[in-house]
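So you know, we letter chains A, B, ... as the sequences are listed, proteins then strands, and number each from 1. We use all heavy atoms of the structure for the numbers below, so side chains are in, but hydrogens, waters and symmetry mates are not.
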Amino acid sequence: MDLTDKEDTGSGSPLGTERQGRFERQRQEKLSRIKELGVEPYGGRYDGAELAEDIRHRPCLQGAEKGNIIEGEEGKAKCAGRIVLLRDIGKLIFITVRDWSGTIQIGLSKKLLGPDASGWPLAKLLELGDIIGVSGQLGKTRTDEITVWVDNLRLLSKCLCQPPEKFHGLSDIDLRYRQRYVDLWANPEVMERFKNRSAIIRTIREFLQARGFREVETPMMQSVAGGAAAKPFVTHHNALDLDLFLRIAPELFLKRLLVGGMEKVFEINRNFRNEGLSREHNPEFTMLELYQAYADYNVMMDLTEEIICLLVEKYCSSKQVQFRDITVDYTRPWRRARYAELLKEYSGCEIDDIPAIRAKARELGLDEAGMDEEVVINGVFEATVEDNLINPTFVFDYPAALCPLTRRKKDDPKYAERFELYIAGMELANAYTELNDPAVQEENFQIQLRGQDESMATMDEDFITALKYGMPPAGGLGIGIDRLIMVLTGATSIRDVVLFPLLRPIKDQAQGK
RNA sequence: GGGAGUGUAGCUCAGUUGGCAGAGCAACGGCUUUUUAAGCCGUAGGUCCAAGGUUCGAGUCCUUGCACUCUCACCA
């Protein structure tokens, strides 16, 4: 295909496609001129570069005077990064270089770089988006800007595509998601958020490991998709001629590990659910699940509160965190309220008063005819309660029928020892005292299967067998990592915390025409 | 799947009642050794998302389709 002449028709034509042909041709021309200078335009290993932020905080800059260069060893500096701003003033060029710590200004002058082909002539050919490595003496300009005055310049990678507008950056949401590799360097706050995401997950791991939890990996391709009520993705293994499901939850495998004697385990990884997309739902999402033998849901509640409060302390500027148009207050202790109590508080219905609840459901426009009691109750709960749970709130003791994997309360078997954590009206965590009675578990599965269509109705027999060998009583917890990152970093949409969210492919490309 | 909105230069966006397609940045040529979104002079750049329709005339009005955003529904 001729990339230079074909014109793309789509409005969402990404940067760097055919539509940019003339810009790419111009940049290709510069590339040729660089090669003519005898310069390799795609560099190679570049050792000893210091982060821009570290250079800015050098002690030798403390007393430095405006307009001066710091001579000698202590003034030497070396850095590498992408050209994000470029000001060519004739025999002097100022460039703002961005690495992933931040930006620093470098100064290139004809005097310092001289007539050498890879010096001044190369400098004059640099353009926005190129990746360079430089070394030189540190100093401050007349306007007090910290600057590396370059005596050695290397081109590490030529940028052949037109970068986005330098002031507004890339703001088209669709383009940002499709070309995250541009979004990340064009919009520093995006980089910042993903660096935070990485740090938050590291902190969670450190917290759990310090408490004796071991990280494990369980299958993502499963022949029975269990552990949650959700529609799975189907895939196929050729050699075994076997249909497999992408997991909807790791739960049943992690509990097998409890049976095996791993007493404290966790897994942070992807689940896949074949359902609708929204700003709180991506088809693949990251979940922390952990299990602790001999614990129960109260232990999990304390643990959840501790982890998240630690994260707030480390990654948020105060206990009051802005999210969308609301403020979430993480001050401890968090509210812990019974499911039935909240239902009464916000819907006015007693949980046992089924006629009143059905009436409320109709009032809310829910189609309750033919639905099971618990489903109607939960419908009313979701419609009336959830949006009001702004500050972190543990909702506990769910109707047992909604919790097939949960141990029931000894003194009141209508309810199960389960809690969910809500923050900003979103469900963030789900936990229970795990059911370890194989007979009850099997019965619950049977009931659950009756409500599903046949194609998906498979029981995980081996899981029942595992329980028959004896699983220690345990507490289990799941935390939606993406949503947690959202509330901690103030991201409105789950797509802002997932590097490459699922998007519909652009049609022309998908058809390969 | 329903409803609302958006789609104009590489990017960010204007475009009046239906009457010659616009700006800033980026690009290209020139000047410039202290700039900070550098500045000044000049040049080029368009399938106005696509297809059809109404009209003497459509970026603008209508229909259909595509993509995205918001929202509702489905869904832990």
Practice item. Using the P atom as the reference point in each nucleotide, state the distance between B/U63 and B/C70 in Å, no decimals. Key: 25 Å
Check your understanding: If you count the non-hydrogen atoms of other residues, nucleotides and ligands that lie under 6.0 Å from CD in A/Glu189, is the total more than 12?
Key -> yes
Exercise for review: Run the numbers on A/Trp149 and A/Phe94 for ring pair (Phe, Tyr, Trp, His ring centres under 6.0 Å), then give the verdict.
Suggested key: CA-CA 9 Å; A/Trp149 289 100; A/Phe94 288 105; 5.8 Å; yes
Review point. The side chain of A/Lys91 lies closest to which of these nucleotides: B/U69, B/U34, B/U33?
Key: B/U33
Review point. At under 4.0 Å between heavy atoms, what does A/Arg418 touch on the DNA or RNA strands: base, sugar-phosphate, or nothing?
Key: base
Practice item. With heavy atoms under 4.0 Å as the rule, sort A/Glu382 into base, sugar-phosphate or nothing. Key: base
Practice item. Could you tell me whether A/Lys111 contacts a base, only the sugar-phosphate backbone, or nothing, with contacts defined as non-hydrogen atoms closer than 4.0 Å? Key: base
Exercise for review: Quick one: label A/Lys30 by what it contacts on the DNA or RNA (base, sugar-phosphate, nothing), any heavy atom closer than 4.0 Å.
Suggested key: sugar-phosphate
Check your understanding: Mind checking who B/G5 pairs with, Watson-Crick or G-U wobble, both distances under 3.5 Å?
Key -> B/C68
Review point. Between the main-chain N or O of A/Met300 and the side-chain N or O of A/Thr304, is there a donor-acceptor pair closer than 3.5 Å?
Key: yes
Point to revise | Length of the line joining A/Arg33:CZ and B/C28:C1', which is rounded to integer Å | key: 11 Å
Exercise for review: Could you tell me which nucleotide pairs with B/G19 by Watson-Crick or G-U wobble geometry, both distances under 3.5 Å, or answer none if nothing does?
Suggested key: B/C56
Check your understanding: Do A/Glu145 and B/U34 share a donor-acceptor pair, side chain to base, under 3.5 Å?
Key -> no
Practice item. Write down the distance between CZ (A/Arg25) and C1' (B/A26), rounded to a whole number of angstrom. Key: 17 Å
Check your understanding: Which whole number of Å gives the distance between the C1' atom of B/C41 and that of B/C48?
Key -> 31 Å
Check your understanding: Which whole-number value in Å describes the distance from A/Asp387 CG to B/U71 P?
Key -> 12 Å
Review point. What do you reckon, is CH2 of A/Trp334 surrounded by more than 12 foreign heavy atoms closer than 6.0 Å?
Key: yes
Practice item. Kindly say whether the aromatic ring centers of A/Tyr415 and A/Tyr398 come within a distance under 6.0 Å. Key: no
Exercise for review: Apply ring-ring contact (aromatic ring centres under 6.0 Å, His included) to A/Tyr297 and list each qualifying residue two or more places apart in sequence or on a separate chain.
Suggested key: none
Check your understanding: Taking a pair as Watson-Crick or G-U wobble with both distances under 3.5 Å, which nucleotide is matched to B/U35?
Key -> none
Point to revise | C1'-based separation of B/G45 from B/G10 [nearest Å] | key: 10 Å
Review point. What interatomic distance, in whole Å, is found between P of B/G3 and the corresponding atom of B/U60?
Key: 23 Å
Exercise for review: Please assess A/Glu373 against A/Arg358 for the test salt bridge (Lys or Arg N to Asp or Glu O under 4.0 Å), listing each intermediate value before the final yes or no.
Suggested key: CA-CA 8 Å; A/Glu373 269 177 26; A/Arg358 286 199 179 266; over 6 Å; no
**Study point:** Minimum-distance nucleotide (side-chain atoms of A/Phe167 versus B/A37, B/U34, B/A67)
**Key:** B/A37
Exercise for review: Taking atom CZ of A/Arg324 as the centre, report whether more than 12 heavy atoms of other residues, nucleotides or ligands fall under 6.0 Å from it.
Suggested key: yes
**Study point:** Euclidean distance for C1', B/C31 against B/G19 (whole angstrom)
**Key:** 42 Å
Protein-nucleotides 12-15 of chain B N/O pairs under 3.5 Å:
| residue | atom | partner | partner atom | Å |
| --- | --- | --- | --- | --- |
| B/U12 | OP1 | A/Ser171 | N | 3.1 |
| B/U12 | OP1 | A/Asp172 | N | 2.8 |
| B/U12 | O3' | A/Ser171 | OG | 3.1 |

Check your understanding: Counting only Watson-Crick or G-U wobble pairs whose two distances fall under 3.5 Å, which nucleotide matches B/G10?
Key -> B/C25
**Study point:** Which nucleotide in B/U33, B/A67, B/U34 has an atom nearest any side-chain atom of A/Thr141
**Key:** B/U34
Practice item. Return yes if a side-chain donor-acceptor contact under 3.5 Å exists between A/Glu53 and A/Ser101, otherwise no. Key: no
Point to revise | B/A44 to B/A26 separation - C1' atoms, rounded to the nearest Å | key: 13 Å
Point to revise | Position toward the 5' end of RNA chain B (nearest nucleotide), A/Ser493 or A/Glu386 | key: A/Ser493
Review point. When the distance from CH2 of A/Trp149 to P of B/U33 is rounded to whole Å, what number comes out?
Key: 12 Å
Review point. Is any side-chain heavy atom of A/Leu113 closer than 4.5 Å to a side-chain heavy atom of A/Asp151?
Key: no
Check your understanding: How is A/Arg279 classified with respect to the nucleic acid when contacts are heavy atoms under 4.0 Å: base, sugar-phosphate, or nothing?
Key -> sugar-phosphate
Check your understanding: What distance, rounded to whole Å, do you find between the two C1' atoms, one in B/G46 and one in B/U8?
Key -> 8 Å
Study note, to complete from the structure: A/Ile106 atom CD1 is separated from B/U35 atom P, nearest whole Å, by 17 Å
Point to revise | Nearest-neighbour nucleotide for the A/Gln162 side chain, B/U34, B/G10, B/C11 considered | key: B/G10
Exercise for review: Please report, rounded to the nearest Å, how far the P atom of B/C49 is from the CZ atom of A/Arg178.
Suggested key: 17 Å
Exercise for review: Please state the C1' separation for the pair B/A50 and B/C66 - nearest whole angstrom.
Suggested key: 7 Å
Revision key, fill the gap. A/Asp174 CG to B/C11 P, in whole Å, measures 12 Å
Check your understanding: Got a second to check how far A/Lys255's NZ is from A/Asp460's CG, nearest 0.5 Å?
Key -> 11.0 Å
Practice item. Can you tell me the distance, in whole Å, between the CZ atom of A/Phe94 and the P atom of B/U32? Key: 16 Å
Review point. Who does B/A44 pair with, Watson-Crick or G-U, both distances under 3.5 Å?
Key: none
Identify the pairs formed between an N or O of the protein and an N or O of nucleotides 38-45 of chain B at a distance under 3.5 Å, and give each distance.
| residue | atom | partner | partner atom | Å |
| --- | --- | --- | --- | --- |
| B/A38 | OP1 | A/Lys166 | NZ | 2.2 |
| B/A38 | OP2 | A/Arg87 | NH1 | 2.9 |
| B/A38 | N6 | A/Asp88 | O | 3.4 |
| B/G45 | O2' | A/Arg22 | NE | 3.4 |
| B/G45 | O2' | A/Arg22 | NH1 | 2.8 |
| B/G45 | O2' | A/Arg22 | NH2 | 2.5 |

Point to revise | Upstream residue (5' side of RNA chain B) when A/Lys140 and A/Leu277 are each assigned their closest nucleotide | key: A/Lys140
Check your understanding: Mind checking whether A/Phe445 and A/Phe463 have parallel, tilted or perpendicular rings, split at 30° and 60°?
Key -> tilted
